[in-house]
Amino acid sequence: MSGIILCRSKYGASQKYAEWLSQETGFKVIDTKKADIKEVEKYDTIVLGGGVYASSIAGIAFLKKNIGALKGRNIYIFACGMAPCSDEVLGILKEHNLKGELADIPLFYYQGIWNIEDLGFTDKAMMKLYIKMIEKKDPAELKSYDRPLLEAKDKKCDWTDKKNLGPLLELIRSKGE
Ligand SMILES: Cc1cc2nc3c(=O)[nH]c(=O)nc-3n(C[C@H](O)[C@H](O)[C@H](O)COP(=O)(O)O)c2cc1C
């Protein structure tokens with residue numbers, strides 16, 4: 001079975017999962033931004049991974065654009081965010097990212113990395129402002145990832161764990177048998 005991992009990672013969380021997946025499967029990892037559909041369509045299995053930014057999965061546009069050329073392939077998506085995994089988080093991600101032809105693609109979600117001091121200039125300014133705003137809100141009005149954000153805030157968090165890849169690896173391997 002041949003496969004490829006497309007990944008878009010800003011702060012390293014999805015990249016870490018992509019590299020671990022590569023170690024286990026032998027699939028190479030490429031940056032989704034540099035992916036060429038003529039190359040990607042040669043593979044039986046395509047895994048797309050990316051960080052979550054305002055509920056959007058980084059790199060998902062590549063699949064939206066090219067899903068027609070990838071008919072019959074085994075496609076999987078994994079996303080890394082700061083919120084702990086829950087049905088609510090998965091529901092929001094599906095609603096935002098996996099409509100229409102992407103609706104049946106299996107989606108895996110992993111808690112990633114959070115360190116506000118490491119964020120780029122714009123992200124840091126934006127998140128600091130956002131945190132200030134939600135700190136003033138009625139707790140009942142908070143969105144699913146607001147609570148974890150308030151908890152993590154200035155802390156350095158790395159929730160990445162290779163073990164989380166178990167179910168995705170099992171699915172990939174089951175199709176290759
Ligand atoms: C501007 C910004 C927006 C974010 N939006 C979300 C979000 O909507 N949901 C979430 O769970 N995490 C959110 N995060 C946290 C990132 O998803 C998290 O840090 C993740 O590990 C990033 O993955 P990456 O390092 O592979 O890009 C956001 C972070 C930043 C900087």
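Just so you know, ligand 1 is whichever comes first in the structure, and atom 1 is the first atom listed for that ligand. Keep in mind the model is a prediction, meaning the values are calculated, not measured.
Given atom 8 (O) of ligand 1, the protein heavy atom at minimum distance is S55 N, 3.0 Å. In terms of protein heavy-atom proximity, atom 22 (C) of ligand 1 is nearest to Y53 OH, 3.3 Å. The closest protein non-hydrogen atom to atom 24 (P) of ligand 1 is S9 OG, 3.4 Å. Among all protein heavy atoms, the one lying closest to atom 19 (O) of ligand 1 is I113 O, 2.6 Å. In this structure, atom 23 (O) of ligand 1 lies nearest to the protein heavy atom G51 CA, 3.4 Å. Nearest to atom 20 (C) of ligand 1 among the protein's heavy atoms is C80 O, 3.5 Å. Looking from atom 6 (C) of ligand 1 to the surrounding protein, the closest heavy atom is V52 O, 3.4 Å. Among protein heavy atoms, atom 5 (N) of ligand 1 sits closest to A54 N, 3.1 Å.
Short contacts between ligand 1 and Y11, defined as distances under 4.0 Å to a heavy atom of the residue, involve ligand atoms 24 (P), 25 (O), 27 (O). For ligand 1, the atoms lying closer than 4.0 Å to a non-hydrogen atom of M126 are 1 (C). Heavy-atom contacts of G112 reach the following atoms of ligand 1: 21 (O) (cutoff under 4.0 Å).
A salt bridge does not link E101 to K64: none of the charged nitrogens lies less than 4.0 Å from a carboxylate oxygen. Here E39 does not pair with K34 in a salt bridge; the nearest charged N to carboxylate O distance is not below 4.0 Å. We find that K156 and D118 are not joined by a salt bridge, their nearest charged nitrogen and carboxylate oxygen being 4.0 Å or further apart.
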Problem - Verdict with supporting geometry, T45 and F27, side chain to side chain contact (heavy atoms under 4.5 Å, CB included) - result: CA-CA 9 Å; T45 298; F27 301 166; 3.8 Å; yes
Practice task
With side chain to side chain contact (heavy atoms under 4.5 Å, CB included) as the test, would you mind laying out the steps for L171 and N74 before giving the verdict?
Solution key: CA-CA 10 Å; L171 192 59; N74 302 311; over 6 Å; no
Problem - Steps toward ring pair (Phe, Tyr, Trp, His ring centres under 6.0 Å) verdict (Y17, Y110) - result: CA-CA 9 Å; Y17 280 106; Y110 311 125; 4.5 Å; yes
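With a 4.0 Å heavy-atom cut-off, ligand 1 is reached by the side chain of Y109 but not by its N, CA, C or O. Counting heavy atoms under 4.0 Å from ligand 1, residue D123 touches it through the side chain alone. Within the 4.0 Å heavy-atom criterion, both parts of S14, backbone and side chain, lie near ligand 1. At a heavy-atom cutoff of 4.0 Å, ligand 1 is contacted by the side chain of Y145 but not by its backbone.
Remark: the E19 side chain and the Q23 side chain contain no N/O donor-acceptor pair separated by less than 3.5 Å.
Considering backbone and side-chain atoms together, G12 places an N or O closer than 3.5 Å to an N or O of ligand 1. Of the N or O atoms in A83, one or more lie within a sub-3.5 Å distance of an N or O in ligand 1. Taking distance alone, with nitrogen or oxygen atoms compared against 3.5 Å, A13 approaches ligand 1 more closely than that limit. Of the polar atoms of R8, none of the N or O atoms is found under 3.5 Å from an N or O of ligand 1, judged by distance alone. On a distance-only criterion, L119 and ligand 1 share no N/O pair closer than 3.5 Å.
Considering CD of Q15 and OG1 of T160, their distance stands at 12.5 Å, rounded to 0.5 Å. For the atom pair D146 CG and K143 NZ, the distance stands at 6.0 Å (nearest 0.5 Å). Summarising the geometry, atom NZ belonging to K155 is positioned 13.0 Å from atom CG belonging to N115; distances are rounded to the nearest 0.5 Å. Note that CG of D44 is 7.5 Å distant from CE of M1, once rounded to the nearest 0.5 Å. Going from atom CD1 of I172 over to atom CG of L21 covers 4.5 Å, rounded to the nearest 0.5 Å. Interatomic distance, CH2 of W20 versus CG of N164, reported as 8.0 Å (0.5 Å rounding).
Of all the listed residues (M82, H96, M127), M82 holds the heavy atom that lies closest to atom 11 (O) of ligand 1.
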